[in-house]
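Here is the structure we will look at, set down as structure tokens.
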Amino acid sequence: MKKIKHTFPILLGLVFPLCILAETITVASWGGSYLRSQMLGFIRDFEEETGIRVEIADYAGGIDSVRSQVRSYNVRWDVVDFELFDAIRANDEGLLMPIAADDLLHGRDGSSPQEDFIEGGLLPFAVANIVFSTVLAYNESLLQQSPAELTDLFDLRRFPGERALRKTPVGNLEWALLADGVPPAEVYPLLESDAGVQRALRKLDEIKHLTRWWTEGEQPVAWLENGDVTIASLYHGRAFNANQRGVPLGIVWDRQITFLNVWSIPSNVRNPELARKFIRFATSTESIGKQARYIPYGPVRNSSLALVPSDVRPYLPASDGKLEKAFASDPAWWSGNLERIQAHFDRWLRIPTRVPSRLPR
Amino acid sequence: MITFRQSFRSTGYHWFHAILFPLLLLPALAGDTRDEEIRLLRQEVELLRERLDRLEQAEQGRGQQPPATGPQRPAENEPVPLDFPEPQQTLTAVAQTDSEPPIRIKGALRFNAYIRDFDRGGKNRKGDSGFELFRIGVEGQQDNILIAAEYRFYPYMDVLHHGWLGYQFSPDNQVMLGVSQVPFGLLPYAAHNYWFGVPYYLGLADNYAMGLQYLKSGGDWDVRLAFYKNPAIEDATNLNRYAFGVVRVGEQQNQQSNQLNARLARTWTSAKGHSHEFGISGQVGQLYNEITRRNGNHWAAAGHWNAHFNRWNAQLQLARYQFNPKNPSNASDQVVRLGALATHYDIAAKGTVAVANLAYTVPLTQSFIDQLIFYNNYSVLKKDNNAFRDSQINTLGAAIGVGPLFMYLDWIQAKNMPFFGDGSLADEGESSWKTRFNFNLGYYW
């Protein structure tokens, strides 16, 4: 009994400081070296400056979880790092809170957010945070010749071995049609029809039996590093970080697909002001510029460009004319078509391209 | 009784600390936040150092062993782990998610409908149908310990199909102890159809026995070594077993024991992903006779080829087997008695078995059907005893997968095979072809 009496105040002492620092915000983000760039770029600074603790929730795309949280009024994620097409879908379903551009900080050069952010970076329900590309990459130490074009992904004769692609139709179907000779301007009109989707899937059939599907950004990097796959799609910033670790990953910039990630606040969040405070900080000129030191994703504010170190600039998707052969993903189109195409894609994934060795018995 | 006031007095010192402690802790916490970047960078340096160590070790061991880091694709014929729900199984590696439980429960409920040209009553009834099988099983892995087991309920018997515990030394190496599939010839099955072919009815395909198996399946090589103490059911008089093996019934009083198996296969894959697996297998074991109390022996050897060309799959296998029993004088040495599925029959003691299979998976991008595979499986037993008529079976059919449903539609033609009129794997038997049209429908989970 005496022990209990003595222990209780000590426990209270341990809990008390946590109560003092109870102001916490949960941010859903993507993990790996991307999360590292956010932590070192601005999240630690935010914590230090505001005293608000930032919890990170693992997120790998989609709106199912946000929908479930919002509809149950039990919103655990205060801020979500969406791909833009997912944010549009979420907003269409009424799952997001408004974010006023005027609430954001002016640029370091005094420019207003409207002047400073890239085109399309400010939406009533989202604020851009990075521009990134999905590219093809390969392990330079394992190939005798380097792939240089998108079509090399499908060339099993010159580049034998397994492939790795993200387990989503987004990006893969565009690549399939482009590699099949469809002009960029006709890709999305063609995907409007089921026949166009089937054409893309038939092209992917050429490599399906040799393809691994990844769901987390670090997986293709590990597979390339281990020599498990010959060519993989990946977020281009991951290749930069792999190079920094000494892994010789080469990037195929041909038909890189550019995407925009945005910050959004789910509806029914308990403390929207805290979430807005975080976004205001995370989208400052300094935060965006500092993040680019750790991962070469394109800054979404013009005023942040000056803060990007010179050794990182060659990796930016817009540098050295790389955008000339880039393909710009259409987030508005995907937001309206993802559900239809995802069903096709999921079913296609289940269909074997070879006779399975183990049929049900 | 201690009052609250007394309690406060007696613990006043600790209450003081309760207030003081957090105040002392606050600066420390603030300092932690400041040092976080340094801590993260140190962690990163530590990770880089570990990676350097691994690379140096790999460099030293190059040529001696395959890389063992990172996710591995399961070998195509590897019995474990079975990561994919069976009807949806593809050769495409799909990334695992953390939410998958380490041990999964699997099962199936199946029904059969059939009509046989040698069954007049059945023909008059326009065929028969009924419950065929309910099975339940577990499989999975926790840390390096593997488990796989399956129990089957048939209308005429229930039996452990397989059940073993394993240990995975590395992604490429594992051992299995218990009732496991005997590594012989084409794996996992020597046929695409529901009914199987001649090797199964000789105990030379999809056979299970009790013992220890070692499996190494990294890269292009697949090596399997096994020692089996006895068949899955040690009581040789018990016919309630899944896999055909020598049983003690009537004047035939032999049983298998102490069997050694070795199987070596090598796969060549072309740039376009076409693959060719060539393999050789051998097995040898004791054949103990309960009457004479003497040990005979049995052995079998096989060579196989298993190729995938785009959507085509071609398989060939040639196997030779011999049973050399030490029978009493009233029992024939020309046959041995096998049993399973609650029945028994004789087979020729010596023979040669050939298998030729061809299958094609249909591209289905705009259909409700997930899988459609057409196949033709042919197998023949050439018996050494010239007085015995050879046995053959040919199955033309299709396997159809729709979600969790999987169906086999088989047109089975057999000549001198058990379960087809008076067909026999031993003696003269049937001289004409017999036909069975079989439809098997299963729900798998």
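In the text below, chain A, chain B and the rest are named by the order of the sequence lines, each starting its count at 1.
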Quiz item: Can you name the ring-ring contact (aromatic ring centres under 6.0 Å, His included) partners of B:H161, sequence neighbours left out?
Solution: B:Y208, B:Y242

Practice problem: Write down the atom of A:S357, the atom of B:Y189, and the distance for their closest heavy-atom approach. | Solution: O-CD1, 4.1 Å

Practice problem: Return yes when atom OH of B:Y154 has more than 12 non-hydrogen atoms of other residues, nucleotides or ligands closer than 6.0 Å, and no otherwise. | Solution: yes

Quiz item: Considering all heavy atoms of both residues, which atom of B:D370 and which atom of A:I351 are nearest to each other, and what is their separation?
Solution: O-CG1, 3.3 Å

Quiz prompt | Most chain A-contacting option - heavy-atom pairs closer than 4.5 Å, from B:V362, B:I373, B:T361 | solution = B:T361

Quiz prompt | Non-hydrogen side-chain atoms of A:L156 and B:H274 separated by less than 4.5 Å | solution = no

Self-check item: Point-to-point distance, once rounded to the nearest 0.5 Å, from OH of B:Y360 to CZ of A:R354
Solution: 14.0 Å

Self-check item: Region of B:N310 that comes under 4.5 Å of a non-hydrogen atom in chain A
Solution: backbone

Practice problem: Starting from the C-alpha separation in whole Å, work towards a yes-or-no answer on side-chain contact (heavy atoms from CB on, under 4.5 Å) for A:L359 and B:F406. | Solution: CA-CA 9 Å; A:L359 291 170; B:F406 206 86; 3.7 Å; yes

Practice problem: List the steps and the verdict of side-chain contact (heavy atoms from CB on, under 4.5 Å) for A:E162 and B:T269. | Solution: CA-CA 11 Å; A:E162 292 187 31; B:T269 305; over 6 Å; no

Quiz item: Can you name the closest pair of heavy atoms from B:Q371 and A:P356 and give their distance?
Solution: OE1-CG, 3.6 Å

Self-check item: Interface moiety of B:I369 toward chain A, non-hydrogen atoms closer than 4.5 Å
Solution: backbone

Quiz item: What part of B:A359 lies closer than 4.5 angstrom to a heavy atom of chain A: side chain, backbone, both or neither?
Solution: both

Practice problem: Please check if the side chain of B:R110 supplies one atom and the backbone of A:R361 the other of a donor-acceptor pair under 3.5 Å. | Solution: yes

Quiz prompt | A:D58 CG: over 12 foreign heavy atoms closer than 6.0 Å | solution = no

Practice problem: Give, as side chain, backbone, both or neither, the part of B:F196 having an atom under 4.5 angstrom from any heavy atom of chain A. | Solution: side chain

Quiz prompt | Pairs of heavy atoms under 4.5 Å with chain A: top-ranked of B:L372, B:N440, B:N313 | solution = B:N313

